[in-house]
Structure formats: structure tokens, C-alpha cells
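Have a look at the structure below before the remarks.
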There are 2 protein chains.
Amino acid sequence: MSDPNAVPPVTLNRLSIYLRCLRRLRDQGVRQVSSQQLAHRYRLSAAQIRKDLTQFGEFGIRGVGYEVDQLCDRLASVLGVDHTRSIVVVGMGNLGSALARHVGFNSESFAVVGGFDNDPKKVGSTVGHLAISHISELPTVVRETNAEIGVLTVPAPAAQHNYDALTAAGIKAVLNFAPVRLKLDPRVQTKNVDLSINLEELGFFLGQG
Amino acid sequence: MSDPNAVPPVTLNRLSIYLRCLRRLRDQGVRQVSSQQLAHRYRLSAAQIRKDLTQFGEFGIRGVGYEVDQLCDRLASVLGVDHTRSIVVVGMGNLGSALARHVGFNSESFAVVGGFDNDPKKVGSTVGHLAISHISELPTVVRETNAEIGVLTVPAPAAQHNYDALTAAGIKAVLNFAPVRLKLDPRVQTKNVDLSINLEELGFFLGQG
DNA sequence: CCATGTGAACAAATTCACAGCA
DNA sequence: TGCTGTGAATTTGTTCACATGG
């Protein structure tokens, strides 16, 4: 718990899943849940739920289970989503525009506070309620809004350059959608989401069809 | 190699990365490459590259390395992307429309042959060159086009229903963007891509900022 | 009594180190 | 020589099974 880098990414991934499941239970009015019930309901592993949770504290009551509401709060706190985080989107093409809208609609924990592009034709227009700024405005906007997360949705050849611009502007974490292996800034947490890789993984299982 | 399910997903993920790196090298005119050069160039592990590759055959030449061109072909074949696969997109909202365009533009290995929605206002309109059909047309289109992969970009409450429609229509693999733990059809390979989970994983590292 | 929390057993994945071959 | 391919060693992650305690 003390050193964030000691937590395997796969554990974080599961914590996030647990949080989603627990929120749904809470919305359904469920007050308490055991690891076994949770596992059965959402096809997870009970032992793994307990192991994962105890990395961050003792949240359960022996003989009873977990308080749904309380565990939601604790997990949200662990995942740093107990308050709204500001996001900037760099690259307002199809994907960037769609993600900007999507995040705006689907999350209370994240707010898109800036959209950037280098195309003069796009600068000044809006996507939903978001005004598109020129990429040169990035440092100013990041400073003024305290944006912490950058979503990178530029074409592959522009990815490294814009990644460097994000880190230089003081962004603390990047979600990269460009199909490129970036040279990373060690101070900046970076995750890659890669559509083609996902499709190719599926392709493998389709054989020679 | 014989049983696809014996290959760990993380290995497939890396194979896809190797393929991308090799294609870039090929485009740059590089003819041969050793595992060490590849590792150094793209920040990978040389031993792991070799281990991963040997699961599917002996592609290298001792003392020399790998023929870039030949290895590209072999990997493309392993990943089933040596010919074009047909994709349908279910849920033509922001994300679905953007992905349909994105895949159309960015991949020769995948072609979007159908876009579906249940909103009568969308049916009949087009996204790029793709006509949007009503979801009831799904079985017909899948049959006629031999579509193998379904991209699921509907709102969470509609996800299971539309997943079931995809599998019933004969789709063989699904890429799910809905933030839901689906009840899976064991005959259908399914991968989840989850924007909020990715953001929350990043959130974890931002602490209480 | 019953579900958590946890050490111990097990399984999987990665790295190491070197034999074997072009 | 110098790289691949690979068993063995190590690390990492998961599952088991039970002591602990509300």
C-alpha cells in the first residue's frame, strides 16, 4: 500500500472491477456482501477478492462480510476517484472527440477540461460543450485547470511529440490510444489502449476462417 | 500452438506488439534483426521475444537473427491477420461511430461491414461510407458478409442483450466496450476494453492530488 | 458459528545461462 | 563467433485451507 508501484497492475484492474460491482449492489439497495456472494454474482474468485482487498486494509467483518457502502468509499479512495479528476484530450479526431464526449457523459469521477489539436480548422470549434484549443495552449490550460490526466488520441507519427508535450506541461498520467511504443517519462504513469492489438488477439482465435 | 487456449493472452498481446515493431522495421528497409536489437529498439525483453516466438515455430537463424519480412508474415499468419476479417459494430453512438471510422481508416486487416443500432432515427443514416442498419438485421448481415468479429458499444444496460444477439447471429469473437461483466458464451472469444477502468488505474497513482 | 484474513502450497510467467548450430 | 532455442532457476501471482475473531 505504501509504495504504489508495489501493487501489480492486474490487482488495480480488479479493484476497479470490484468497485463497479459494489456500486451496482449499492444501487440495488444491498447493504452487506460476502466475498463469496460477490464472486458468485459477478463470476470472480472469492479468495482473490479477499487477498486483493487486504493489501489496502482490513475492510471486512469476520462472520459477516463487507459493508457495501463503506467498501465502495474505501475503494474509491484507494483508486483516487473519491473526487473529480481533470482530463485533457490531445488529438480531436474521431476517436478523441468521441472519448471526450463519452467521458463527459459516463463518469462523475473524471471531467474533460480541455481538447487540443494542431489543425487550425478544428481550433475554435466545439465538441459537445468542449472548446477545442490549439496544442500550444496546453501548458496554460494544464496549469490553470490542474489537469492531471492526458488522453492521447493523435495519429501514430505524432504520438511521441505530443506525449512529450503533455509531460512537459505537467500532466501526471497519460492514457495513450496511439499504436506506438512511447519513450516514457518515468515520472508519468502511462497506460496504452490499443484497438488493433485487441482485434489481433481476437483474430488469433478465429484460425484460418 | 495446437490448442489456442494454451497460449496465455499476455503472450498474444506481445506477439501483436512484435508484429507492429517488425512492420515498422520492414518499412524502414531493415532486412534482419536479432532479438536483442528488437528488444533494445522497442524496450522489450530479448529472452521473452525468443520464448514467445518459439511457441509457434523456429523462425530464427542462429548466429544471425530473424528475417524481418518472413517473421512479419509468420506472425500475421499466427494472429490470423494474413487476410481481411469482417467486423460489425453494434451501438452507433459516439464511441461506436468513431471506432467504425477508426478501424476503417487504420487497418487493412479488418473491415467494418455493418453498423447497427436500435434507434430508428439513426437507422438509414451513414457514418463515413457505412450505412446504419436496425439491430434486427444483424443475423442476415452476419450471414451474408461472414462477419466474424462484433464490436459492442452500447450503453451498459443494453450490453448483455446485444451480446446475446451477436452470439446468436453467429459472431465468433466480441470486443466489448460496455462497462459490464457479461455472461459469456463459451464458444465466443470475448475481450473487454474499459475506459473507466483504465482511468481509475491511472487515478490510483495520482494519490490524493 | 461463519466469513475474513493469511501463511503455505501451488501454478504461471519471466529471467537466466548456456548448449547447439549457422 | 554470436545468435537462437531451451531447460533450469527465480520471481510473481493464484488457490487452498484453516486459525482467528466478531
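Among A:Arg85, A:Arg23, A:Lys191, the one residue that satisfies the salt bridge (charged side-chain N to carboxylate O under 4.0 Å, His left out) test with B:Glu200 is A:Arg23. Of the listed residues (B:Leu95, B:Asn94, B:Asn176), just one forms a side chain to side chain contact (heavy atoms under 4.5 Å, CB included) with B:Thr153, and that residue is B:Leu95.
As a whole-Å value, the separation of B:Leu38 CG from D:dG5 C1' is 16 Å. D:dT1 atom P lies 16 Å from atom CD of B:Gln36, rounded to whole Å. The CD-P distance, from B:Gln55 to D:dG7, rounds to 13 Å in whole Å. Taking atom CD of residue B:Glu58 and atom P of nucleotide D:dC3, one finds them 18 Å apart after rounding to whole Å. When rounded to the nearest whole Å, the span between CG of A:Asn13 and C1' of D:dT12 equals 17 Å. The CD-P distance, from A:Gln70 to C:dT4, rounds to 14 Å in whole Å. Summarising the geometry, the separation between CD on B:Gln32 and P on C:dA22 is reported as 15 Å, rounded to the nearest angstrom. In this entry the distance linking CD1 of A:Ile49 with C1' of D:dG13 reads 16 Å, nearest Å.
The phosphate of C:dA3 (OP1 or OP2) has no side-chain N or O of A:Ser35 nearer than 4.0 angstrom. Under 4.0 angstrom from either OP1 or OP2 of C:dA3 there lies no side-chain N or O belonging to A:Ser34.
The nearest pair of heavy atoms linking A:Val154 to A:Val90 is CG1-O, 3.4 Å. The minimum heavy-atom distance between A:Val88 and A:Val113, with the atom names listed, is CG1-CG2, 4.1 Å. Contact between A:Phe56 and A:Arg74 at its shortest, heavy atoms only, is O-NH2, 4.1 Å.
Judged purely by atom type and a 3.5 angstrom limit, B:Asn106 uses its side chain to pair as donor or acceptor with the backbone of B:His102. B:Arg101 contributes no side-chain N or O that, together with a main-chain N or O of B:His129, makes up a donor-acceptor pair within less than 3.5 Å. The main-chain N or O of A:Arg50 is found under 3.5 Å from a side-chain atom of A:Thr54 such that the two form a donor-acceptor pair.
Remark: the B:Thr190 side chain and the B:Tyr163 side chain contain an N/O donor-acceptor pair separated by less than 3.5 Å.
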Could you pull out the protein-nucleic contacts involving nucleotides 13-16 of chain C (nitrogen or oxygen on both sides, under 3.5 Å)?
| from | atom 1 | to | atom 2 | distance (Å) |
| --- | --- | --- | --- | --- |
| C:dT14 | OP1 | B:Arg14 | NH1 | 3.0 |
| C:dT14 | OP2 | B:Arg14 | NH1 | 3.4 |
| C:dT14 | OP2 | B:Arg14 | NH2 | 3.0 |
| C:dT14 | OP2 | B:Gln48 | NE2 | 3.2 |
| C:dT14 | O5' | B:Gln48 | NE2 | 3.0 |
| C:dT15 | O4 | B:Lys51 | NZ | 2.8 |

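At a non-hydrogen distance threshold of 4.0 Å, B:Ile61, B:Arg62 from residues 59-67 of chain B come into contact with DNA chain C.
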